[in-house]
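Accompanying notes for the structure given below.
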Amino acid sequence: MPNPDQEKSPISGNKMEKIVALAKRRGFVFQGSEIYGGLKGTWDYGPLGVSLNNNIKREWWKMFVESREDIYGLDASILMNAKVWEASGHTTTFFDPVVEDTKTGERFRADHLLKDGGVDVAGMTLTEMDSVIKERGIKSPQGNPLSPARQFNMMFETSVGATASPDSTVYLRPETAQGIFVNFKNIVDSMSPKIPFGIAQIGKAFRNEIAPREWLFRVREFEQMEIEYFIRESEWQEYFEKLRFIIHKWHEHIGLSADNVREYEVPENDLAHYSKRTIDFEYNYPGKGFDELAGFAYRTNHDLSAHMKASGQSMEYIESDGTKFIPHVLEPSFGVGRAFTAVLCEAYHEDEVNGEVRTFLSLPTHLAPYRVAVSPLLRNKPELVEKARAVFLMLKAEFGNVAWDDNGNVGKRYRRQDEIGTPFCIVIDFDTLGENPDLLDTVTIRHRDSGKQERVAIGELIEKLK
Ligand code: GAP
């Protein structure tokens, strides 16, 4: 279905394709195992992609952990005792409905095929999906008949140790959340937090998606940024609203416009097995329209209760008056790759400079891979290069993410830096060296989005670029 906003966009052609091409060309994202033909559902982040990703994660950590007194950090192992997934319900319920093309054997998500055909699949059983597929004559994308739908567990299984046996089976975690639940007691014992409090974690998660698709949107290996916020049951609505507000603030902070982010209340019959209420935060992806960016669920005390029962360890919190209870939990859960995609989509712009199309990423300064690029007006004038290097090293010591760019003429350098979202370009010219005595030790700063230039004293640069 065409996205109406995309049609209004002044960007010619397919915006998403342009972003994916730019991401490859400029070292943001490469196909995983590309020289061997790739591996579906895996993507590798290049130098600029790592920077953007790290900046997103660092800002998230600052906002949700460092700027608060009630949220604690954690980094749990990816491999966990298989009993964790039995207790959480993932071994028995973490399924997606799969159908096969009866001629090619290719597998597809039954619910996705139905949704693409305009069917509301919320709460549908496998048998119901089969009947609708039959009734409507839904075929595989290749036009072949489909097999009956069956459940497919999305956890990757492997084994630990030298000999494989049922006891050695482990799973790559499909969500970081369980690492938090199984460490609940450790954190309560070691940090003595006062309820309500949260535990936050950023880390890899793995899902054997039947149909990885749409670039970083649905992949098999991805990163999550998750918080489990522990509360008294009676307070869940109050804290649900507080966290909901902060999630919007987060999306604002990474530069997403309010028009492109919306909430979707997940209907009761489509809630995950652990959830009593879930809101998906959706982003208006170009060419695709609104789809999930992050999730926010009220998980009750499902997980802690299940781990208490299965492990025999108490997951109770003891109030100062001695009252014991198993806390309930609110869970804001963000996919790093989806945030990365949304940030790029929001930032991608085209305009016209001197009759030519200019592409620029209007990334917020706190997310841009490089904060500033420094260059000498001419690379073959040692006195300019020497001064420019001194400015570059001064800024690099302060900010770290500073680029040196002396290739081609200044106009070309600006275009290159615009395309990767560098907010400022600094040029050292003969006036910096005192050709015009009034401008001695000043440089030109050129602003990415407006293209405007200003003259600033070297001594004021750090303050100016903060
Ligand atoms: N602990 C709750 C949980 O994992 P989820 O809705 O399954 O909930 C949370 O996942 C977020 O993780 C999603 O909103 C999305 O941003 C990201 N995510 C989930 N599956 C993904 C996949 N296959 N590829 C990329 N991101 C994914």
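In listed order, ligands and their atoms are each counted from 1. Just the heavy atoms: all of them, side chains too, but no hydrogens, waters or symmetry mates, feed the values below.
- Tyr264 has its ring centre no less than 6.0 Å from the ring centre of Phe290.
- Checked against a 3.5 angstrom limit, the closest N/O atoms of Leu216 and ligand 1 fall outside it.
- Close approach of ligand 1 to Glu226 is summarised as follows: ligand atoms under 4.0 Å from at least one heavy atom of the residue are 1 (N), 2 (C), 3 (C), 4 (O).
- Of the options Arg173, Arg207, Met225, the smallest heavy-atom separation from atom 4 (O) of ligand 1 is shown by Arg207.
- Checked against the 6.0 Å centroid criterion, the rings of His302 and His328 do not qualify as a close aromatic pair.
- Ligand 1 places these atoms under 4.0 Å from at least one heavy atom of Glu331: 1 (N), 2 (C).
- Protein heavy atom closest to atom 24 (N) of ligand 1, with residue, atom name and distance, is Val219 N, 3.0 Å.
- Aromatic pair Phe281/His248: ring centres closer than 6.0 Å.
- In summary, Glu34 and Lys24 engage in a salt bridge, as defined by a charged side-chain N under 4.0 Å from a carboxylate O.
- Protein heavy atom at the shortest distance from atom 10 (O) of ligand 1 is Gln224 NE2, 3.4 Å.
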Intermediate values then yes/no, salt bridge (charged side-chain N to carboxylate O under 4.0 Å, His left out), Glu265 and Arg277: CA-CA 8 Å; Glu265 181 83 42; Arg277 183 175 182 196; 2.8 Å; yes

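- Although no hydrogens or angles enter the test, the distance criterion places a donor-acceptor pair under 3.5 Å between the side chain of Arg448 and the main chain of Leu363.
- Heavy atoms of Met154 come nearer than 4.0 angstrom to ligand 1 in no pair at all.
- Aromatic pair Phe334/Phe64: centroids less than 6.0 angstrom apart.
- If you check each of Arg220, Glu292, Glu282, Gln178 against atom 14 (O) of ligand 1, the one with the closest non-hydrogen atom is Glu292.
- Taking a cut-off of under 4.0 Å to the non-hydrogen atoms of Gly295, the atoms of ligand 1 that pass are 14 (O).
- The nearest protein atom to atom 25 (C) of ligand 1, hydrogens excluded, is given as Phe217 O, 3.1 Å; this is a heavy-atom distance.
- On a distance-only criterion, Phe334 and ligand 1 share no N/O pair closer than 3.5 Å.
- Ala294 counts as a contact of ligand 1, since one of its heavy atoms falls under 4.0 Å from the ligand.
- Within a 6.0 Å sphere centred on CD of Glu268, other residues, nucleotides and ligands contribute 12 heavy atoms or fewer.
- Between Ser140 and Glu106, the side chains place no donor N or O within less than 3.5 Å of an acceptor N or O (distance only, hydrogens not considered).
- Summary of contacts: the protein heavy atom closest to atom 11 (C) of ligand 1 is Ser333 OG, 3.8 Å.
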Worked verdict on Glu419 versus Arg413 for salt bridge (charged side-chain N to carboxylate O under 4.0 Å, His left out): CA-CA 10 Å; Glu419 218 190 15; Arg413 293 176 206 164; over 6 Å; no

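- The protein atom (non-hydrogen) at minimum distance from atom 17 (C) of ligand 1 is Gly335 CA, 3.7 Å.
- In terms of polar-atom proximity, Phe222 is not counted as a contact of ligand 1, lacking any N or O under 3.5 Å from an N or O of the ligand.
- Any N or O atom pair closer than 3.5 Å counts here, and Leu293 shares at least one such pair with ligand 1.
- Remark: ligand 1 atoms within the under-4.0 Å shell around heavy atoms of Glu209 are 22 (C), 23 (N).
- Side-chain N/O atoms of Glu100 and Ser147 include no donor and acceptor closer than 3.5 Å.
- Under the 30°/60° scheme for interplanar angles, the aromatic rings of Phe94 and His90 are found to be tilted.
- Nearest residue to atom 8 (O) of ligand 1 from Trp43, Tyr283, Tyr274, Phe206 is Tyr274 (criterion: closest heavy atom).
- Annotation for ligand 1: atoms under 4.0 Å from non-hydrogen atoms of Arg299 are 1 (N), 2 (C).
- For ligand 1, the atoms closer than 4.0 angstrom to any heavy atom of Glu175 are 1 (N), 2 (C), 3 (C), 4 (O).
- Using a 4.0 Å cutoff on heavy atoms, Phe281 does not count as a contact of ligand 1.
- If you look at Tyr45 and Phe340, their ring centroids are closer than 6.0 Å.
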